[in-house]
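First the structure, in the form of structure tokens, and then the observations on it.
Numbers restart at 1 for each chain; the letters A, B, ... are given by sequence-line order, proteins then strands.
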Amino acid sequence: MFIATIWGLMNDEQKAEWLPKAMEMKAIGTYAQTELGHGTFLRGLETTATYDPETEEFILNTPTLTAYKWWPGGLGHTVNHCIVVAQLYTQGKCHGIQPFIVQIRDLETHMPLPGVHVGEIGPKMGFQTANNGFLGFKNFRIPRKNMLMRNSEVKKDGTFVRSRSDKLTYGTMVIVRVNIVNDAAMQLSAAAIIAVRYSAVRHQSQPKPNEPEPQILDYVTQQRKLFINIATGHALRIVGRWLWKTMLGVLQNISEGNLEQLPELHALSCCLKAVCTQDCTAGIEQCRLACGGHGYMKSSNLPLLYGLTTAAMTYEGENTVLLLQTARFLLKTWTQILEGDTKLNPTVLYLLNFAKPTDYRWENTNQGIIKGFQAVAAGKIKTAYDTAMKHVGAGKSQEEAWNLASIQLVEASEAHCRVIICEVFSNEIQRASNTLSPNLSRVLQQLVELYLVHWALEKKGDILLYSTISRDDIAALRIRYEELLALIRPNAVGLADGFDFRDEVLNSTLGAYDGRVYERLMEEALKSPLNAEPVNSSFHKYIKPFWEKAKL
Amino acid sequence: MSKTAVNKDLASERAKCEFNVEELTNYLDGGRENTARRRRIEDKVLSVEELKDVVPEEYLSHKEKYENAIRKAILFYKVQKNLEDPKQPENERIRINYRNMINSAIFKDNSPLALHFVMFIPAIIGQASDEQRDYWLKRAKNVEIIGTYAQTELGHGTFIRGLETTATYDPATEEFVLHSPTLTAYKWWPGGLAHTANYCVVMAQLYTKGKSCGIQPFMVQIRDEETHMPLPGIKLGEIGAKLGFNTVNNGFLGFDNHRIPRDRMLMKNAQVSKDGTFTAGANSKLTYGTMVYVRVLIVNNMANFLAKAVTIAVRYSAVRRQSKLKPEDPEPQILDYVTQQHKLFIGIATSHAYSRTALWLWDHYAKVTSELNAGKLDNLPELHSLACCLKVLSATDAAVLVERSRLACGGHGYMLSSNLPQTYGLVTPASTYEGENTVLLLQVARSLVKAWQQMLKGKPLTPSMSYLADQNRIDRWDGSVNGIIRAFQKVARGKIAWSVTCFEKYQKEGLSYEDAWNKASVQLTAAAESHGRAIVVQVFKAETDRTTSSLSLPLRKALDQLVELFTLYWALERLGDLLLYTPLSEGDIRDMQTRYEELLEKIRPNAVGLVDAFDFRDEILNSALGAYDGRVYERLMEEALKSPLNAEPVNSSFHKYLKPFMRGKL
């Protein structure tokens, strides 16, 4: 974040000064935006930077407890510099939030500088070694040139000049969100590997009296829990890569002065970040629970994977807030359609097919399911739009109406995102098929179909509502789903192995390549310091005296 | 609690609550005396300074955490013992304590003595012969010995017949020889087993006269009563770090030809005589009793933990302000966002639903138990199926909704000082312990398929499954709570019918019974889940109606809103099923959605009152975000400052690693 911000928000002169320092780790830095009382809503930040033309300095202040910066990784004790986002005041006026580079510790002694209050925020669900910190300022002065001036400037006399659209900073945010999608996909894949390998090693129950206990991977309920997560791991990795490519294209256009696709890219990155982190978090938990009690052991590494992934649901834009941002774009698009405008962005072009209220004629094929999801997304966008309008018609303000329709708006946004994922996954695998061996290609196609049928069954209520799907179609989908599980079963471990995570990366007693599950569980248990002595001191200190007293 | 110190948003929330909070608390506790009694216990326990942690547990080492937990466990036992009426029957004691969460004020991650009370003593009561019980129960109740219950093995869980530990009778010495033949035979998981217990009820495969006689319980001394050293032939240890329960001292246990006297087999049911003759128990179903008992407790626990989580999240959402609904207004409380209400109010309603259901199930259990004592077994299978089903649903829903509450607190919910991550850690294992959820759903499915086939033969059904016989179609959608309950029953009936169809079709196609069952199992678990949904909604509604007639009107209204919210929430979650099995139309769905949103609005002014009524003391909530006074940010900072890393401005690692590294680059 520190280096990326220097790249993105400093002018050339500043970059020349700071970039080498940061790259050579002379300045170790972090990025401080979120405050104790303020997160998603940037305009609500309270930290102030007030320009003093006499000394040509900014004075940083933390006016309240809620204004303390809170969360940045490394801030506690590690960094000596920090990008601080603060409300800029100059010539008696507030000019909104601006970024500043601030040295917070002495470069020799590492002591916090006077006027800087810095510390660690305490233990969390995960990220325990990230040294997340808090930061407050008391009349702390920094030179004028420490404001990052690529987009806006404060002149020596305190004149504020806005030079470029701050929309350009979207780029960094999108890059971060693409990375989140990719990380989440990797973490889900890791969880799926662990659970699949464990399920091949674990034997349980005896459905048939005279046969040995089967591998739990043979239970269809277990296959249902696991195979979708293999498929999702692939789907989201591919969608992440697609989003990256899309972004590069848009950034290229921006550099040529064309900003048209920016809202679409923003809407895409918002909903994909939200839905991917949500699906991966749920998927990892499903994999963990599929390992029974042993998944609860830290040595399985599944709890840790969960801790890392679930955090992404609230950082870098809280998921519900992000889905509502996408919804805003979708409603705008819908309004466009109602006004007869057919010049739509590529990812929402499909909505045109559903502009007139007709039930989509269902087909039980991959393409049919994708079209079905499009019909659902369009139906949900329309319903949310109608609900908002109904409230406006009943005399509510735009904002109130938006809030009252927000449950439906979130759903519309998710439905749109599902269309994108299904379409991209299906298209990209289709395209890759030509270059792959037939056997591999077939297996990947099975994963695509599994993903589509899984979500069709999950969302059958929506599909029933917005298409002509029949009871028999649904029954056929269920049967097809069971067939797919059976087809994937022999390749399950191969698919897990195919992710090619080394044991050191998986770091799991249940998931190692050699499958020495029980040996490893015991080996890890024996590392517990409590196992270093047969009797713990607490026996003599507490239990024995308690018995002796009771005897008296 | 000083009124002036309360956050002003929370104070104004409390002022606008439409019902009497104390009245709701009394209702939840089952009467004013129960509330008073619960509070007396809390006051007494919390007045003991030594029960409080000097250093927050997060900053202790793995070993220190255990040592501190043992220290508190002994003290807590002594304090609590003095508060109990020894003459009170066990059943009654449990029922009036069902909202007593004082335990969680003392043990944030559970007690190492918990299994002694929850499993060891019930195992003695349930499995020991009268003579054995006289001896062991007295010792256990006075904690002269500390015990636990060891069934699960490293390689074997749900499938009890697969256990590997053997107990082979040697008539020459009149002893059993206990043995762990493989690594996978090690007992694994029992709380307190590692360093705390000196006795253990061990489940093992009994062999006598060269014949296998199934799984039987044995009372085994594992440590010396004086020195606490593990006895020869016994290998004991701790299983290591887990997602939660880190102070429970979960252990492993292996035997190397360890001998115990014949009278250590618990012989209430099966027996082995001196010469090694095996006599089977009168009815093996009797052992169901303990399992059902534990599952009833789980349903109740899930309701309580969920209530804690949602209390924290609702109070925080009243204090936290964010974004702008309208440009000119200040940032609103996040509780005013409908999406936030959608995340939280269902948590309140669900806690009520399972609380009511647990009480209903408890009374059902008590009735069946008394029938059992009179030799009547008829109602046991239904009770077993109900307990399985409700355990699964409550554990699943509570885990989802606790996480939803945590995520609704944004990043701050990720802080351990919110206590939400730990609450999740305590709730989620209920999905895998005491019967893994999928396995239990399949057991329920088995009873449903059996009932379905009986119904087709015209035989009578048990009360909880009687709706299966109702073949009347629903002609017109009825959006009332009772109408939706009936619709849920239709869905369950439809799904059971469908899964039976699949199961039978697969058999006709040539699959064996077992393979057909496996192939249909996704449908079967879905059917069992639907059956459970129908029961919870129906019981919640019926029990609320039955128990609220004497309440004041505003409170009754508030409770009815929760019942309706719960019903509509699940109807909207299950639209696909309802569209398939009932005459629900698009317009009906719109009406339900509108009504659901109206309910959120109606509940909004009472939200803080509803969670206040759960009446969790700050020490029990143990949350920077959820305290009664709403000093959220102050508490977050106070907790952060307790971090040992904050005791010094520069950590030694700077001089050791960072500085040499940065210099090296110069």
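- Legend: residues meeting salt bridge (charged side-chain N to carboxylate O under 4.0 Å, His left out) with A:Lys460, ordered by chain and number and at least two apart, are B:Asp577.
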**Message:** Pair B:Met662, A:Leu107 - check side chain to side chain contact (heavy atoms under 4.5 Å, CB included), show working.
**Reply:** CA-CA 10 Å; B:Met662 290 159 82; A:Leu107 300 183; 5.5 Å; no

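- B:Lys72 does not touch chain A: none of its heavy atoms, backbone or side chain, sits under 4.5 Å away.
- For chain B, the nearby parts of A:Pro123 are the backbone and the side chain; heavy atoms of each come within less than 4.5 Å.
- For chain B, the nearby part of A:Ile474 is the side chain; its heavy atoms alone come within less than 4.5 Å.
- Ranked by heavy-atom pairs under 4.5 Å with chain A, the first of B:Asn651, B:Thr428, B:Asn142, B:Leu236 is B:Thr428.
- For A:Pro214, no part lies under 4.5 angstrom from a heavy atom of chain B.
- Of the atoms belonging to B:Thr525, it is side-chain heavy atoms, and not backbone ones, that fall under 4.5 Å from chain A.
- Side-chain atoms of B:Thr438 and A:Lys225 include a donor-acceptor pair closer than 3.5 Å.
- Only the side chain of B:Arg223 comes within contact range of chain A, with at least one heavy atom under 4.5 Å from a heavy atom of that chain.
- For a residue to count as touching a neighbouring chain, one of its non-hydrogen atoms must lie under 4.5 Å from one of that chain's; by this rule A:Asp106 does not touch chain B.
- With values rounded to the nearest 0.5 angstrom, A:Lys298 atom NZ is found 5.5 Å from B:Asn246 atom CG.
- The most heavy-atom pairs under 4.5 Å with chain A, out of B:Arg406, B:Gln341, B:Gln422, come from B:Arg406.
- B:Ile589 touches chain A through its side chain: at least one heavy atom from C-beta onward sits under 4.5 Å away, while N, CA, C and O do not.
- Not one N or O on the side chain of A:Arg224 forms a donor-acceptor pair closer than 3.5 Å with the backbone of B:Val522.
- Within the 4.5 angstrom heavy-atom criterion, only backbone atoms of A:Thr109 (N, CA, C, O) approach chain B.
- Contacts of A:Ala405 with chain B are absent, with no heavy-atom separation under 4.5 Å from either backbone or side chain.
- For the pair B:His195 and A:Leu530, the tightest heavy-atom approach, listed with the atom from each and the gap, is NE2-O, 2.8 Å.
- Using cut-offs of 30° and 60° for the angle between ring planes, the A:His110 and B:Phe654 rings count as parallel.
- With a 4.5 Å cut-off on non-hydrogen atoms, B:Leu636 touches chain A through its backbone and its side chain both.
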**Item:** Residues A:Glu318, B:Arg320; criterion salt bridge (Lys or Arg N to Asp or Glu O under 4.0 Å); working and verdict
**Value:** CA-CA 14 Å; A:Glu318 191 274 334; B:Arg320 176 79 170 186; over 6 Å; no

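- Counting heavy-atom pairs under 4.5 Å between each of B:Gly237, B:Ser521, B:Gly240 and chain A puts B:Ser521 at the top.
- Contacts between B:Ser653 and chain A at a heavy-atom distance below 4.5 Å are absent for every atom of the residue.
- Looking at A:Val535, the atoms closer than 4.5 Å to chain B (heavy atoms on both sides) sit in the backbone and in the side chain alike.
- Of the atoms belonging to A:Tyr481, not a single heavy atom falls under 4.5 Å from chain B.
- With rounding to the nearest 0.5 angstrom, the OG1 atom of B:Thr339 is 10.0 Å from the CG atom of A:Leu409.
- Taking the six-membered ring where tryptophan is involved, the planes of A:Tyr306 and B:Tyr424 are essentially parallel, since the angle between them stays under 30° and well short of 60°.
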**Worked check of side chain to side chain contact (heavy atoms under 4.5 Å, CB included) between B:Glu597 and A:Leu404** = CA-CA 8 Å; B:Glu597 286 162 6; A:Leu404 288 169; 5.7 Å; no

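- With a 4.5 Å cut-off on non-hydrogen atoms, A:Glu519 touches chain B through its backbone and its side chain both.
- Among all heavy-atom pairs drawn from B:Glu225 and A:Trp547, the shortest one is O-CZ3, 3.9 Å.
- When heavy atoms are compared at a cutoff of 4.5 Å, B:Leu584 does not approach chain A at all.
- Interface remark: B:Gln340 contributes no atoms to any contact with chain A (heavy atom separation under 4.5 Å).
- Heavy-atom neighbours of A:Gln398 CD from other residues, nucleotides or ligands within 6.0 Å: at or below the threshold of 12.
- Side chain of A:Tyr296 to main chain of B:Gly244: a donor-acceptor pair is present (N/O by atom type, distance under 3.5 Å, no hydrogens or angles).
- Residue contact with chain B, scored on non-hydrogen atoms closer than 4.5 Å, is absent for A:Glu483.
- Chain A forms more heavy-atom pairs under 4.5 Å with one residue of B:Tyr513, B:Trp188, B:Tyr186 than with any other, namely B:Trp188.
- Heavy-atom distances place both the backbone and the side chain of A:Thr40 under 4.5 Å from chain B.
- Below 30°, between 30° and 60°, or above 60°: for B:Tyr414 and A:Trp71 the angle between ring planes is between 30° and 60°, a tilted geometry.
- Contacts with chain A were tallied for B:Pro56, B:Ser512, B:Ala241, B:Ala408; B:Ala241 has the most, counting heavy-atom pairs under 4.5 Å.
- Interface residue B:Asn198: only side-chain heavy atoms are found under 4.5 Å from chain A.
- For B:Pro649, the parts sitting under 4.5 Å from any heavy atom of chain A are the backbone and the side chain alike.
- For chain A, the nearby parts of B:Phe245 are the backbone and the side chain; heavy atoms of each come within less than 4.5 Å.
- Under the 3.5 Å distance criterion, the side-chain polar atoms of B:Asn646 are matched with a main-chain donor or acceptor of A:Glu120.
- Heavy atoms closer than 4.5 Å to chain B are found in the side chain of A:Leu65, but not in its backbone.
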**Request:** Under the salt bridge (Lys or Arg N to Asp or Glu O under 4.0 Å) rule, what do B:Lys659 and A:Glu108 come out as? Steps first, then yes or no, please.
**Result:** CA-CA 8 Å; B:Lys659 199 173 179 186; A:Glu108 275 303 307; 3.6 Å; yes

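- Considering CG of A:Asn132 and OG of B:Ser643, their distance stands at 11.0 Å, rounded to 0.5 Å.
- The shortest side-chain heavy-atom distance between A:Glu482 and B:Lys519 falls under the 4.5 Å cut-off.
- In this structure, chain A has a heavy atom under 4.5 Å from the side chain of B:Trp498, while its backbone stays farther away.
- Contacts of A:Met297 with chain B are made by both backbone and side-chain atoms, with heavy-atom separations under 4.5 Å.
- Residue pairs that meet the salt bridge (Lys or Arg N to Asp or Glu O under 4.0 Å) test with at least one member in residues 640-649 of chain B, sequence neighbours left out, are B:Glu639-B:Lys642.
- Interface residue B:Leu154: backbone and side-chain heavy atoms are both found under 4.5 Å from chain A.
- Under the 4.0 Å criterion applied to side-chain N and carboxylate O atoms, A:Glu400 and B:Lys326 are assigned as salt-bridge partners.
- Neither the backbone nor the side chain of A:Asn319 comes within less than 4.5 Å of any heavy atom in chain B.
- Taking chain A as the reference chain and counting heavy-atom pairs below 4.5 Å, the highest number among B:Tyr596, B:Tyr433, B:Trp517, B:Tyr581 is found for B:Tyr581.
- Here the side chains of B:Met415 and A:Ile121 are in contact, with some heavy-atom distance below 4.5 Å.
- When heavy atoms are compared at a cutoff of 4.5 Å, B:Glu238 approaches chain A by way of both its backbone and its side chain.
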